[in-house]
Amino acid sequence: MVAIAVLLGSFGFLPSSMAAPDYLKEVKPLLASRCFDCHGGLKQKGKLRVDTVAAMLERGVVNPGKPDDSELIYRISTGELEDRMPPEHEGALFREHEIKVIRDWITAGAKGPEDEKPEASPEDHWAFQRIERPEVPTIEDSEFKIRNPIDAFLAQKQIKHGLKPQSEAQRSLLLRRLYLDLVGLPPTPGQLESEKTFEVIVEELLASPHHGERWGRHWMDIWRYSDWYGLGEQLRYSQKHLWHWRDWIIDSVNADKGYDRMLQEMLAGDELDPGNHEVVAGTGFLARNYYLFNRTTWLDSTIEHSGKAFLGLTLNCAKCHDHKYDPISQVDYYRFRAFFEPHQIRLDAVPGESDFKKNGLPRAFDDQPGAPTPFHIRGNPSTPDESREIVPGVPELFASFASEPEPIELPVEEWAPGVRDYFQAGEIEKAEDELARAKEGLAKAQEQEGKPKTPKPESPAKLKAKPTEAGKGFSLIDDFERERSDLWKVVGTGWRYQGGDLVQLEPNREEQHVRSVKPHPGDFELEFRFRTTGGPTYKSVGIRFDLTDDGKNSHTVYASAHAPGPKVQIAHKVGGRTNYPAHAKVEMPINENTDYTLGVQVRGHLVNVSLNGEFLIAYHLPNRFPSGKIELMAFDATAEFDSIRVIPLDGGVKLKPPTGGMTKGGVKAPAATSIDLAKANLEKAQAYLQSLRARIAADNAAYRSQGDPEEAAKAAALAEKKYAVAAAKHEVLETSGGKVAEAKKKLASAKKALENPGSKYASLRGSFKALETPKHKEPQYAATYSRTSTGRRLALAEWITSRENPLTARVAANHIWTRHFGEPLVETVFDFGRSAPKPEHAELLDFLAIELIESGWSMKHLHRLMVTSEAWRRSSSNLDADPDTYAYDKTNRFYWRMNPRRMESQVVRDSLISHAGVIDLTMGGPSVDPGSNSLRRAIYFKHSRDQQSQLLATFDDAEILACYRRTESIVPQQALALTNSKVSIDMSQAMADKGAKDPETFIKSTFLRLLCREPTEAELEECATFLTNVPNRARLVQALFNHNDFLMIR
Amino acid sequence: MNPDFQHVIRRRRFLSQAGLGFGSLALNGILQADTPNAKTGGSAKAKNVIWLFMRGGVSHMESFDPKPALTKFAGKSIPDTPFAHVLESERFKDQRVVVVNDANGKQRNKIYPLQVGFKRYGENGTAISDWFPHIGSRVDDIAIIRSMWTTDNNHGAQVQFHSGRHMLDPRVPTIGAWVTYGLGTLNENLPQFINIGPRFFDKRDGHYLGPAFDAVSLKIDPKNPLNFAKPQGKVTPEEQEETFALTNRLNRLAAEQYPEDPVLDARIKSYELAFNMQTSVPEAMDFSKETEATKNLYGFDQKETKPFAQQLLAARRFAERGVRFIQIMHGDGAAGAWDQHSKLKANHSKLARQVDRPVAGLLTDLKQRGMLDETIVVFATEFGRTPGSQGADGRDHHPFGFSVWMAGGGIKGGVVHGATDEIGFHATEHPHYVTDIHHTLLHQLGLDPHALQVPGHKRLERDFGHLIPQILA
């Protein structure tokens, strides 16, 4: 309220210098802006109020006619710091011309209105009142169609203001509105023609799994969903695999989980149902706020956005000083923080994956139950007030229904996540696989040893035979003058054919490549001309061969212009893991913007690599993958590809035999025989499996009372030390050069440790705790955690979702209303404090809030109520509107028509691919690179500061820092995106290809599909004329993509 | 309180989101109607801004505020010099920590000598380091402010320099957004606010003003200067023109069904701009009509200077075409290239070579075309660097005193305003917070910073800054 007063004040009419300043228009707003928060309704410091003239006169701070004798003037104009108002750090000083206004007013007699009311006290603020069911008005006038109480509340106002609402929109437009509103996908022509009743379709859509995707995305906006981001590999914000939380949101919406329950699970799922990952996944909300560098910043985000999203309270305004408008003290801020103080974030292993880089459930847990909460004087972490003890609690005005935190005993899998059955089983399976591979490796090595010196695949006879068989007539030659989809499949962003080259303009480390359509022959030779033009770090450019279709196996030959260590390297990828053998590289300068020709010749397992015709590496490939493909790659690099030539290797060509390890100096590394190495590897794998089993037994004994913990720990310690010896032995054989000594030293100390194994062992680590500071390393954290949780967050969640809480249900109902009706009932959607004036439709809001609560917080109940109201079904056009109604309420405050809304970015993009019939409706799972040509729904795109779809960004994608409401901008880039983007062009082509032959039928069906209405005669004519001038129907489709009625939800 | 309040917000919300030439002008009209203070009343001295920002933190002592005392006391700890008092400043309390226990962002009190000599330039003999000789030669056109300070000792200070708010505060509109919000466009075929060069901490500008006030990012690539400026598929220009025209006609026909629809009107307008931008942006970035002499003035003839020269020539061409705010960012990397925690001499000298000639060329070119009177050039960075050494050969971040300069658009030339102490530690004489630059800029553009606000978003006193009258002509 005060903020408004300020604005009105400064925008107000300025009087001529002679007239006395108007108290209400000029003086009071000044006092309101600087003084009311301490001397008004909220607080009365020094028992002084200045919110009425009467109060000021009574206290004698204003002496009419005598400004120099008025304490008010002294206080606001003195240079004495101790006396000056507002006090230091409490607000801006009065400006000179402002002081003059107040002086002039006092000089003129300090007159104010007779009936001046003091500022309301916070207890009276509308949004702080208990939510009660309002009486539904009875509407007698039969002109007003009342389908449910929403209409009655609105009709009451409309009647009062003499407004005549619009009639219902035509059914096809209504169905479009309904589909886009409830599932975010446009209706198909078949669905448009359906004869089912509107209500039946509503139920079908509410039951559709895509409803969860549509409304899940709305809540992801409000709850600030963001995939992790940072700098390079360093995670700084949010958490990896946060998609688990996204899927939890979608599933919860689909299951119509109570809104209260959702909030509880988000804040305290780990305390509510400890051990149940489906519930714990909700705490992704807390994981999203993770910030590597500064715990206070992290918790500030958590506090601010819990306050705004759930309560509509700007708690953040009380971080440095008491809240200026709301009854929230600075201490309250830190007491709120105390609810969150003990918690930390970790990834829990999920079934089937123990590599936390690949998967894991991001979640909250109480790590330090006793962590004290600081009180920062003026919000400054460097000046904590040590004398204060901060205990969790809520602001006094809302304290009557607060819950007391009660500590919760956690089940073992919560505090010792390594003992989860699936995790133990998964670790054993991995170790057994490793063992099997080691056995196989040994068998192969023995087989090879027994063979003649030239291995079979390279025997001269075979060499001649092979190319003529497999590679007959094969050639892959391209100068990249233009796109050749018959030769290549291009994956990833940033590829362009320009200047006679294929160029990669956007360096990144994602899967980006140009893959041959056909497999290459087993024996081949390849010549690849390219230039590396830049890139952030590694600047690697080269080729892959033997690439299997799943991308998990291949051999790569590349040149890296990485400044600290440029090189040409052969790397292997097996089962998705890449290996860069030290003896398959040559360290040498690789320059940017320099032409290179990379030559690769492969015969059987032997590969020769040359650069600019100069021989570099001969190497024996450990394995081959038949029928593999060629791929051109630029990793972390920008590059220009000039040409490539791949042909079968002529049998007559002589390849050089493998060299050993090579460096620039050409030093050969002495290698152990492969049998010795394979044996050592096998022993290592065996020892590992044994130690793993022993460690599991020890964990189970210690944490699950299965067996004697002491004995089991001793056994585990012994097995672990044995493994260390086996591993060190293997390492000694494997390493070469300068590292051998180090490996031998390691072996010696492992042997020493084995002499006295003790009983200390490493528990299995079934989770990965988020680093508290960048200086920490994961292994320094314990594998087990606190056995109790404080129950603080659960108490907070219970308070937020209490029936008595006046804010939670109102805030939620307002959010839901906004997304159905295009405008909120309370404009400041995240601030229901005293700055928010009582809304026009306060009773309607309370009705919706109470319906939400009493339906068991069912959001589907509210959706149903809203979309089946008459208000929602009205036409959004001003056409044929009652002129008086239109003139009176142009901005539709009284909902006499529907508000048209622009489709959100995700809906625009999903509509395009849906209309073209290529949408992939797979649900859930890891986020998809937005630069890929994925046809998944846009909700599954990665969404973070550093990764956002350009197309979505153009259409006001959710701001990742805070997005309580989407903006609906109209900027020229949107037209360019729908005209020039690949997705728009491709989708228009797909629609053009599928459409009817007859132009008129095509035009009509395209209108119906995209706009859900028939074209008018004039439109039909325009389009028909267009098609005679531009015989490309895809362009007609694109013109309609840019149609206002396509982008708007009418 | 006021029953029309929500209505006002809605109207503003709509208008501020319609990011078009006419939208901004209309908005401006409304602002004026509501706020008699929207303009200073004095006539605007400048029309547009070329904003050059050196990312990473330029050493003020080795650029525009040379401090021979550093060489004299090299190797000593500050407490052992006559300047021990600098370590007891109240200003340290203003610092807000973004990264707890960071190895960087410390005060570093072992004095590191100047890494470069300096000469005196211009009528007043202004000292400027030898890494910036070309800018030195233009010193009579520029006003150097040697007494800047800020409160973030990490690179979030880039956000702070543009918005006036600390990295940890909520994001608010940047200076470029406010300028375009306040003034609207001069050319309906071009975006009014553009950015060339890398950004990291915040890639947006408009924030609560809406994305319409975000800078449009352009690249120095005449073939593809703007996202979605070229079809990513097979579409001929003729087809495209026809398609735009058809959309336009269909949207106008739709207006019959949806009369008095401001969104529809705005969309029709935005399509016209979109279509025009497809040709007007590449045209503005096409240097083929520039003479060799002009190009070489900027430094097209040297490999080192060419990239920045291209950006600055583009900047001049955009300014010529009426783009309001041209933001040029220099220095790659997350922190920014100028962040010399080590090897200061090697890297600062290299980076200075990249920008010195192009920037001086820009000033010369603007002047010879008579554009400098109406175009303000700002040369800024997020903070300075420590007088003390970091490691063997670097300087750390230093928010307590640093330099920026401005030229043109009614800024007085040949002026040095404000000062740091003898070792460049604190801004001592006329200290200026970053928003003082904003205030001065807005003032020269004929805007009153206090009039630039929208309901529901309170601006703080510090956001508005203070005019620096001493540098005005």
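Naming convention: chains lettered A, B, ... in sequence-line order (proteins, then strands); numbering from 1 in each chain. In what follows, every heavy atom counts, from backbone to side chain, and hydrogens, waters and symmetry copies are set aside.
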Problem set entry | Main-chain N/O of B:Val97 paired to A:Asn294 side chain as donor or acceptor, under 3.5 Å | yes

Problem set entry | Where A:Pro972 and B:Ala274 come nearest, the two heavy atoms and their spacing | O-CB, 3.3 Å

Exercise. Are B:Arg204 and A:Glu959 within salt-bridge range, i.e. N to O under 4.0 Å?
Worked result: yes

Problem set entry | Backbone N/O of B:Asn251 and side chain of A:Asn1044: donor-acceptor pair under 3.5 Å | no

For this session: List the atom of B:Phe244, the atom of A:Thr979, and the distance in Å for their closest heavy-atom pair.
Result: CZ-OG1, 3.6 Å

Exercise. With a 4.5 angstrom heavy-atom cut-off, which part of A:Arg897 approaches chain B: side chain, backbone, both or neither?
Worked result: neither

Exercise. Between A:Asp956 and chain B, which part of the residue has a heavy atom less than 4.5 Å away: side chain, backbone, both or neither?
Worked result: side chain

For this session: Compare every heavy atom of A:Asn980 with every heavy atom of B:Lys230, then report the nearest pair and how far apart it is.
Result: O-CB, 3.4 Å

Exercise. When heavy-atom pairs shorter than 4.5 Å are enumerated against chain B, which of A:Gln989, A:Lys775, A:His1043 gives the highest number?
Worked result: A:His1043

Problem set entry | Residue part contacting chain B, namely of A:Arg945, when any heavy atom lies under 4.5 Å | both

For this session: Side chain from CB out, backbone as N, CA, C, O: work out which of these in A:Thr297 comes under 4.5 Å of a heavy atom of chain B, or both, or neither.
Result: side chain

For this session: Identify, with sequence neighbours excluded, every residue that meets side-chain contact (heavy atoms from CB on, under 4.5 Å) alongside B:Lys93.
Result: B:Glu90

Problem set entry | Under 3.5 Å donor-acceptor, A:Asn878 side chain and B:Glu260 backbone | yes

For this session: Name the region of A:Thr954, side chain, backbone, both or neither, that has any atom closer than 4.5 Å to a heavy atom of chain B.
Result: side chain

Exercise. For B:Leu168, is it the side chain, the backbone, both, or neither that has a heavy atom closer than 4.5 Å to a heavy atom of chain A?
Worked result: side chain

For this session: Kindly give the heavy-atom pair with the smallest separation between B:Phe200 and A:Gly230, and that separation in Å.
Result: CZ-O, 4.2 Å

For this session: Please flag which part of A:Ile985 lies under 4.5 Å from any non-hydrogen atom of chain B: side chain, backbone, both or neither.
Result: side chain

Exercise. So do the side chains of B:Lys458 and A:Lys324 get within less than 4.5 Å of each other, counting heavy atoms only?
Worked result: no

Exercise. Between the side chains of A:Gln498 and B:Asn224, does any donor sit under 3.5 Å from an acceptor?
Worked result: no

Exercise. A:Thr967 side chain to B:Gly210 main-chain N or O, any donor-acceptor pair under 3.5 Å?
Worked result: no

Problem set entry | Minimum side-chain heavy-atom gap B:Leu246-A:Arg1035 below 4.5 Å | no

Exercise. Looking at side-chain heavy atoms only, is the closest gap between B:Thr243 and A:Phe1026 below 4.5 Å?
Worked result: yes

Exercise. In Å and rounded to the nearest 0.5 Å, what is the CD to CD distance from A:Gln1038 to B:Glu239?
Worked result: 9.0 Å

Problem set entry | Flag side-chain contact, heavy atom, 4.5 Å: A:Leu1040 against B:Leu250 | yes

Exercise. So which part of A:Leu1047 gets closer than 4.5 Å to some heavy atom of chain B, the side chain, the backbone, both or neither?
Worked result: side chain

Exercise. Can you find a pair of side-chain heavy atoms, one from A:Asp1045 and one from B:Tyr258, that are under 4.5 Å apart?
Worked result: yes

Exercise. For B:Ala245, is it the side chain, the backbone, both, or neither that has a heavy atom closer than 4.5 Å to a heavy atom of chain A?
Worked result: neither

Exercise. With a 4.5 angstrom heavy-atom cut-off, which part of A:Tyr291 approaches chain B: side chain, backbone, both or neither?
Worked result: side chain

Problem set entry | Any residue meeting side chain to side chain donor-acceptor pair (under 3.5 Å) with A:Gln974, in chain and number order, not counting sequence neighbours | A:Ser969

